[in-house]
Amino acid sequence: MLDLRLLRAEPERARTELLRRGGADALDRVLELDRNAREMRTHVEAVRAERGRISKEIGQLKRDGRDADAVQAQARALGDELVADEDALRELEAARDDVLLGLPNFADADAPGGGEDDAVTVRVVGTRPDFDFPAKDHLEIGLMLGGIETEQAAKISGARFAYLMGPLVRLQIALVSFAVDLLEERGFTPVVPPVLVREEAMFGTGFFPTDRASIYALADDDLYLVGTSEVPLAGLGYDRILEAGELPLRYAGISTCFRREAGAAGRDTRGIFRVHQFDKVEMFTFTDAEQSSAEHLRILGVQEEILGSLGLHYRVQDIAIGDLGASAARKFDCEAWMPGQDRFREVTSCSNCTDYQARRLNCRIRTDQGPRFVHTLNGTAVAVGRTLIAILETHQRADGSVAVPEALRRYGAPAELAPR
RNA sequence: GGAGGGGUGGCAGAGCGGUCGAAUGCGGCGGUCUCGAAAACCGUUUCGGGCUUUAGGGUCCGACGGGGGUUCAAAUCCCCCCUCCUCCGCCA
């Protein structure tokens, strides 16, 4: 959520910022609703003050044992007047907040302009795998290894679900252990969070109202399945005042993620690239305004360290403004080369949400000048499914076997995966 | 799932229709004393919002888990929800 005071004080700057993000029409609606709401609030508070004054008078009269009927009638009349005005006030403020909640974060000044296709490649790392045999894709390899089963999954869960089996489970476990170890060394506290959350957590992280369609809901229980542990990790700061000295707070969430993938019909239907359920290790940091840009690069650095350790060829993309999520001011994606698709595909993503998410979460720190909103950042450490795809496709051999990166062997993975 | 008891300031804890944004203690901050420190003593110490301001502030409204109700007036009475604790049942 954007700072309403800032929108009032610098509407032209806000307009410029929102135009960068695609449109400023909603700004005018917010400002107008806000003017009306404030006018009504001033009125309501004046009436409340008057009624409060009279009520005290009644108390005094009664204590003195004197008659208060006349004054009491007057107070009652004021109260009746208030009811209608308070309703109107509530409606105005709710309408204003609805629109306000839908406004995206201001983009970072350095974020590239444009949309989905306008990401800027920051760097390309490693060398493209070169095979002297036709490269197989991950599903083909996974089937040969006995590691992926989608047909039965489709029967019992539907499309975009898969069983991960045998050697790929070993690989997942090693991958997660490797990531958690590294993250703990980098100051991230491992967390296994709740994956069912209330609506408040979804609003607090900015997934609601904008991305509601991509979230699974448990209608009978008013709970939602998280699409990323970013949601419950951000929840650690929900409605809380932290001490400035304890920042930065870094967490590494390990969880299953659930996504409806609405709107992705027909895309990436093969294998486990885009599924409704996958496991992920996620970084999340609470920090302050001064350090958030540096923290963003730090998170990106960890991501690259992991991809590098896995021997993957990847590039870092600076995501264009039009392709940022509502909460993000800036976002970098790491895309790994996937020989089976003959192109780079997203395997990690990291966003600096500045104070946008914190304002919604109401997560602040105490400072000499009073409470201030923190800055929040999140980034993928390991999205298991997609990382497995990159590993299988990158390290495949002609006979269908796969060489396992040294980094994972140290965490119990076999040196190579052999076709059955 | 059943029965009972709680949720009040950073923490502990009183208040149970008006003079209560809230006693008291602890902690924090500032000061006195001291070579310095401790102790003691004095002072201070929630958050959000509206209006206003020669920018220091001033003034008013709201908040005692959340929401609704009763009342001229609610931390205090009633209803719903959330949550914590104890006991019983069930369970990985």
Side-chain angles (χ1 to χ4, degrees), chain A residues 1-10 30-101 192-204 208 217-224 232 235-247 249 255-256 286 355 358-374:
Chain A
M1 172 166 59
L2 293 173
D3 182 1
L4 187 55
R5 288 166 182 267
L6 178 66
L7 301 187
R8 283 176 199 153
E10 302 181 56
V30 168
L31 291 176
E32 191 190 338
L33 286 163
D34 182 52
R35 271 191 298 274
N36 297 340
R38 280 189 294 162
E39 196 177 312
M40 184 56 82
R41 174 163 289 279
T42 302
H43 168 69
V44 163
E45 289 189 358
V47 178
R48 281 210 277 243
E50 175 65 4
R51 186 195 51 180
R53 200 186 55 70
I54 294 175
S55 279
K56 285 198 167 145
E57 206 176 302
I58 293 168
Q60 191 56 49
L61 286 172
K62 296 222 164 176
R63 249 170 281 124
D64 295 347
R66 295 202 284 153
D67 175 73
D69 287 355
V71 200
Q72 213 158 308
Q74 192 188 344
R76 192 176 297 125
L78 273 180
D80 292 344
E81 183 189 335
L82 257 185
V83 171
D85 292 344
E86 282 177 336
D87 280 351
L89 176 62
R90 234 192 313 275
E91 274 171 38
L92 282 168
E93 289 185 338
R96 176 196 66 193
D97 293 345
D98 265 6
V99 185
L100 179 63
L101 226 45
V192 175
V195 294
L196 285 172
V197 301
R198 296 212 176 114
E199 192 180 50
E200 289 90 323
M202 287 297 179
F203 275 105
F208 284 6
L218 275 66
D220 288 348
D221 298 282
D222 288 324
L223 288 170
Y224 301 86
L236 285 168
Y238 183 74
D239 205 16
R240 225 177 134 182
I241 297 184
L242 305 164
E243 296 305 327
E246 56 185 330
L247 296 182
L249 285 172
S255 85
T256 303
F286 296 93
D355 61 357
R359 189 170 288 111
R360 289 174 169 231
L361 289 167
N362 193 27
C363 177
R364 296 170 295 171
I365 43 165
R366 224 178 277 288
T367 72
D368 294 341
Q369 300 88 40
R372 287 280 177 284
F373 290 107
V374 300

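Lettering follows sequence order; numbering is per chain, from 1.
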Exercise. Would you say the side chain of A:Glu45 and the base of B:G49 hold a donor-acceptor pair, judged only by whether the two atoms sit under 3.5 Å apart?
Worked result: yes
Exercise. Mind checking the C1' distance from B:A73 to B:G18? Whole angstroms is fine.
Worked result: 6 Å
Exercise. A:Leu4 and A:Val30: side-chain contact (heavy atoms from CB on, under 4.5 Å), yes or no, with the steps?
Worked result: CA-CA 9 Å; A:Leu4 187 55; A:Val30 168; 3.8 Å; yes
Seminar exercise, completed: Ranking B:G68, B:C61, B:C72 by distance to the side chain of A:Lys62, first place goes to B:C72
Problem set entry | Criterion salt bridge (Lys or Arg N to Asp or Glu O under 4.0 Å) on A:Arg90 and A:Glu86, from CA distance to verdict | CA-CA 6 Å; A:Arg90 234 192 313 275; A:Glu86 282 177 336; 5.5 Å; no
Exercise. Mind checking the C1' distance from B:C78 to B:G17? Whole angstroms is fine.
Worked result: 13 Å
For this session: Assign each of A:Glu93 and A:Ala75 to its nearest nucleotide of RNA chain B by heavy atoms, then name whichever residue's nucleotide is nearer the 5' end.
Result: A:Glu93
For this session: Name the nucleic acid region contacted by A:Arg359, choosing base, sugar-phosphate or nothing; use a 4.0 angstrom heavy-atom cut-off, strictly under.
Result: nothing
Problem set entry | Ionic contact status for A:Glu32 with A:Arg35, cut-off 4.0 Å | no
Problem set entry | Proximal nucleotide (of B:C61, B:G50, B:G68) relative to the A:Arg8 side chain | B:G50
For this session: Indicate the atoms forming the closest heavy-atom contact of A:Tyr224 with A:Arg198, along with that distance.
Result: CD1-C, 4.1 Å
For this session: Using atom types as modelled and distance alone, determine if a side-chain donor or acceptor of A:Arg359 lies under 3.5 Å from a backbone N or O of A:Met1.
Result: yes
Problem set entry | Selection from B:G50, B:A73, B:C61 that lies nearest to any side-chain heavy atom of A:Arg41 | B:G50
Problem set entry | Whole-Å P distance, B:A22 and B:G62 | 14 Å
For this session: Once you apply the 3.5 Å cut-off to both distances, tell me the Watson-Crick or G-U wobble partner of B:C47, or none.
Result: B:G62
Exercise. Is A:Arg51 near enough to B:U71 that one of its side-chain N or O atoms lies under 4.0 angstrom from OP1 or OP2?
Worked result: no
Seminar exercise, completed: Per nearest nucleotide of RNA chain B, the residue lying toward the 5' end, A:Ala73 or A:Glu39, is A:Glu39
For this session: Classify the nucleic acid contact of A:Arg240 as base, sugar-phosphate or nothing, counting any heavy atom under 4.0 Å across all strands shown.
Result: nothing
For this session: Identify whether the glycosidic angle of B:G56 places it syn (within 90° of 0) or anti.
Result: syn
Problem set entry | Partner nucleotide of B:U32 by Watson-Crick or wobble geometry (both distances under 3.5 Å) | B:A40
For this session: When you get a sec, tell me which of B:G49, B:G62, B:G18 is the closest nucleotide to the side chain of A:Arg5?
Result: B:G49
For this session: Among the candidates B:C72, B:G50, B:G68, find the nucleotide nearest to the side-chain atoms of A:Arg38.
Result: B:G50
For this session: Report the nucleotide, chosen from B:U83, B:C60, B:C72, that has the shortest atom-to-atom distance to any side-chain atom of A:Arg198.
Result: B:U83
Exercise. With a non-hydrogen cut-off below 4.0 angstrom, is A:Ile54 in contact with a base, only sugar-phosphate, or nothing?
Worked result: nothing
Problem set entry | Rounded P spacing from B:U52 to B:U71 in Å | 35 Å
For this session: Kindly give the heavy-atom pair with the smallest separation between A:Phe373 and A:Asp355, and that separation in Å.
Result: CB-CB, 4.0 Å
For this session: For nucleotides B:A37 and B:U32, find the distance between their P atoms and express it as a whole number of Å.
Result: 11 Å
For this session: When you get a sec, tell me which of B:C72, B:G50, B:G68 is the closest nucleotide to the side chain of A:Arg76?
Result: B:C72
Seminar exercise, completed: B:U76 -> Watson-Crick or G-U wobble partner, both distances under 3.5 Å, gives none
Exercise. Which whole number of Å gives the distance between the C1' atom of B:C77 and that of B:C41?
Worked result: 44 Å
Exercise. According to the Watson-Crick and G-U wobble definitions, with both distances under 3.5 Å, which nucleotide is paired to B:U86?
Worked result: B:A3
Problem set entry | Inter-nucleotide P distance (B:C26, B:G43), Å rounded | 14 Å
Exercise. Whom does B:G56 pair with, Watson-Crick or G-U wobble, provided both distances fall under 3.5 Å?
Worked result: none
